Peer 1: 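What follows is a structure written as structure tokens; I'll ask about it next.
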Amino acid sequence: MIALLWDSLTRYGSLIGAAWRPPPGRRAPSVRRVAVLLALLPLFTAVQAVHGLCLALDHLLFPRFRRVPVRAPVFILGVPRSGTTLAHRTLARDPALTTFSTWECLLAPSILQRRIVRGLAAADRRIGRPLGRLLGVVERRLFGALDAVHATALDAPEEDYLALLPVMACFILVVPVPGAEPIWQLATADRDMPPARRRRLMAAYRALLQRHLYVHGLDRRLLSKNAAFAGLAGALRETFPDARFIRCHRAPEQVVPSQLSSIQGGVRLFDSDPDGRVFPARMTDVLAFYYANLDRVLPAPGGPDHVVLDMRALKTDLQGSVETAYRTLGLPLAPEFARGLEAAAREARAYRSGHRYDARDFGLDAKTVAAVADGYGSA
């Protein structure tokens, strides 16, 4: 615990120090960036401190969670923008599986917080849901702009790496603070993170999964989806040797510009890379490592504990893709889930993304983007 706390404080210190450094090519951060940081950093720090305290209190109030087994979890991995969200939200309909929702990741990573939130929700329902309706309005205002890139709702299945924010181990933190090197290291942890620190990170992650199962039922199998864990695929397999993996694949020609485009809203909000000097090059290197690491740990065409699904197959034949994955991985296909797959497949075929992007917008030519799939690139 002490070592993990030190790791977390080290990453936080790097984050705070890098937040105030000027972006490459600039003498000082912009007025906009300073204003946004002054407004959000204290709030972020306070929220994560509360989360950290509640996570610590779990050990005192609910010590039995530490004995909860995480049996044969199912991990959905892949490079970002490769269909992992579609696969995740489809499998989350399976009543035999349980997965994190957005509100659990962001508002209640601890058992204590979930008990408090559930108690408040029950009281709110008894008086006609005034808080629930207000929260719905706030939710639409906050998440509505993300629908074209990554549709989000508080009760929707979400990537549980967001629950690692209290230990400063969530890769999304590079968007507001691209100068924080320990955060970039999370993306290439299988290669670049010291083994002892990587094991501590995986222990913290396992404890989050144990908390989730403690709340949702020991009879259910844990489902997790994290595109940002492509760089931790080896650590996941080592930590959960009985795990099952679904790897989603998409050609880099679409992945690279799509990923860069998807973070532009955050980059503009924080004015973190005004001249485009950081993210095109560094994210291209990260994605190159993701492809190489997934090829090493979860190679195509698959194996007894993993399947590889192409994004095009997920879109055109979601039902067949899921049924094949279940058969290969030895997962029981619940009748009610099987009946719902046909409807999910129709939704997938009808879906048309409003997300538009072009590699040239980020100064990348087709040759550079295609080279990502050939290995590490310049990583």
Side-chain angles (χ1 to χ4, degrees), residues 3-4 7-8 10-15 18 24 75-82 84 159-162 164-165 167-206 224-240 243 245 247-250 252 255-256 258-260 262-263 266-267 272-273 277-299 306 362 364 368-379:
L4 176 63
D7 291 345
S8 306
T10 299
R11 284 189 287 265
Y12 179 73
S14 172
L15 195 77
F75 293 107
I76 299 174
L77 303 181
V79 294
R81 321 301 298 171
S82 64
T84 55
E159 298 190 56
D160 55 35
Y161 84 131
L162 292 169
L164 288 166
L165 279 168
V167 293
M168 300 295 123
C170 182
F171 184 55
I172 201 171
L173 291 171
V174 297
V175 173
V177 192
E181 289 303 321
I183 306 300
W184 284 102
Q185 189 185 70
L186 294 169
T188 56
D190 272 351
R191 183 190 66 193
D192 297 330
M193 186 175 286
R197 183 173 295 177
R198 189 168 59 239
R199 286 192 294 270
R200 290 193 292 270
L201 174 59
M202 286 291 98
Y205 179 61
R206 175 189 280 276
S224 168
K225 168 256 181 178
N226 284 294
F229 277 4
L232 273 166
L236 285 172
R237 176 169 268 178
E238 178 184 334
T239 305
F240 305 97
F245 293 89
R247 174 190 170 184
C248 297
H249 177 77
R250 188 185 187 189
V255 167
V256 176
S258 180
Q259 174 64 0
L260 288 170
S262 70
I263 65 174
V267 172
S272 53
D273 188 22
R277 297 190 179 200
V278 178
F279 286 111
R282 295 211 66 168
M283 286 305 301
T284 300
D285 285 350
V286 164
L287 292 171
F289 178 75
Y290 280 1
Y291 276 101
N293 202 47
L294 290 169
D295 284 343
R296 177 181 66 86
V297 180
L298 305 172
H306 76 278
F362 307 100
L364 301 174
T368 301
V369 173
V372 168
D374 296 331
Y376 294 85
S378 58

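Owing to the predicted nature of the structure, the values given are computational and were not obtained by experimental measurement.
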Peer 1: Under a 4.5 Å cut-off applied to non-hydrogen side-chain atoms, are L287 and P252 in contact?
Peer 2: no
Peer 1: Just to verify, what does D190 make a salt bridge (charged side-chain N to carboxylate O under 4.0 Å, His left out) with, not counting sequence neighbours?
Peer 2: R296
Peer 1: First locate atom CG of L294, then atom SG of C248, and finally report the distance between them rounded to the nearest 0.5 Å.
Peer 2: 10.0 Å
Peer 1: Over all heavy atoms of both residues, which pair between S224 and D160 is shortest? Give the atoms and the distance, please.
Peer 2: OG-OD2, 2.9 Å
Peer 1: Mind listing the closest non-hydrogen atom pair of G234 and V297 along with its distance?
Peer 2: N-CG2, 3.8 Å
Peer 1: Listed by chain and number, what are the side chain to side chain contact (heavy atoms under 4.5 Å, CB included) partners of R206, not counting sequence neighbours?
Peer 2: V70, Q210, T239, F240
Peer 1: Does any N or O in the side chain of S262 come within less than 3.5 Å of the main-chain N or O of Q259, such that one atom is a donor and the other an acceptor?
Peer 2: yes
Peer 1: So L186 and L164, do their side chains get closer than 4.5 Å, heavy atoms only?
Peer 2: no
Peer 1: Please name the pair of heavy atoms, one in D192 and one in Q185, separated by the smallest distance, quoted to 0.1 Å.
Peer 2: O-NE2, 3.3 Å
Peer 1: Got a second to check how far S8's OG is from L201's CG, nearest 0.5 Å?
Peer 2: 9.0 Å
Peer 1: Could you walk me through whether F75 and R237 pass side-chain contact (heavy atoms from CB on, under 4.5 Å), step by step?
Peer 2: CA-CA 10 Å; F75 293 107; R237 176 169 268 178; over 6 Å; no
Peer 1: If the condition is salt bridge (charged side-chain N to carboxylate O under 4.0 Å, His left out), which residues does R197 pass it with, not counting sequence neighbours?
Peer 2: D7
Peer 1: List, one per line, each side-chain donor-acceptor pair under 3.5 Å for residues 167-179, sequence neighbours excluded.
Peer 2:
none

Peer 1: Closest approach of L232 and M202, non-hydrogen atoms and distance?
Peer 2: CD1-CE, 4.0 Å
Peer 1: Check whether any side-chain N or O of R250 sits under 3.5 Å from a backbone N or O of V255 as a donor-acceptor pair, and report yes or no.
Peer 2: no
Peer 1: On the 0 to 90° scale, with breaks at 30° and 60°, tag the W184-F279 ring pair as parallel, tilted or perpendicular.
Peer 2: tilted
Peer 1: Not counting sequence neighbours, which residues clear salt bridge (charged side-chain N to carboxylate O under 4.0 Å, His left out) with E181? List them please.
Peer 2: R282
Peer 1: Regarding S82 and Y290, do their side chains bring together a donor and an acceptor under 3.5 Å, going by distance alone?
Peer 2: no
Peer 1: Identify the two heavy atoms, one from R247 and one from P299, that lie closest to each other, and give their separation to 0.1 Å.
Peer 2: NH1-CA, 4.3 Å
Peer 1: What residues form a side chain to side chain donor-acceptor pair (under 3.5 Å) with Y161, not counting sequence neighbours?
Peer 2: none
Peer 1: Using only atom types and a distance under 3.5 Å, with no angle test, would you say the side chain of T284 pairs donor to acceptor with the backbone of P280?
Peer 2: yes
Peer 1: Are the side chains of E159 and F229 in touch, meaning some heavy atoms are under 4.5 Å apart?
Peer 2: no
Peer 1: Please report the shortest heavy-atom distance between A233 and L77, naming the atom on each side.
Peer 2: CB-CD1, 3.9 Å
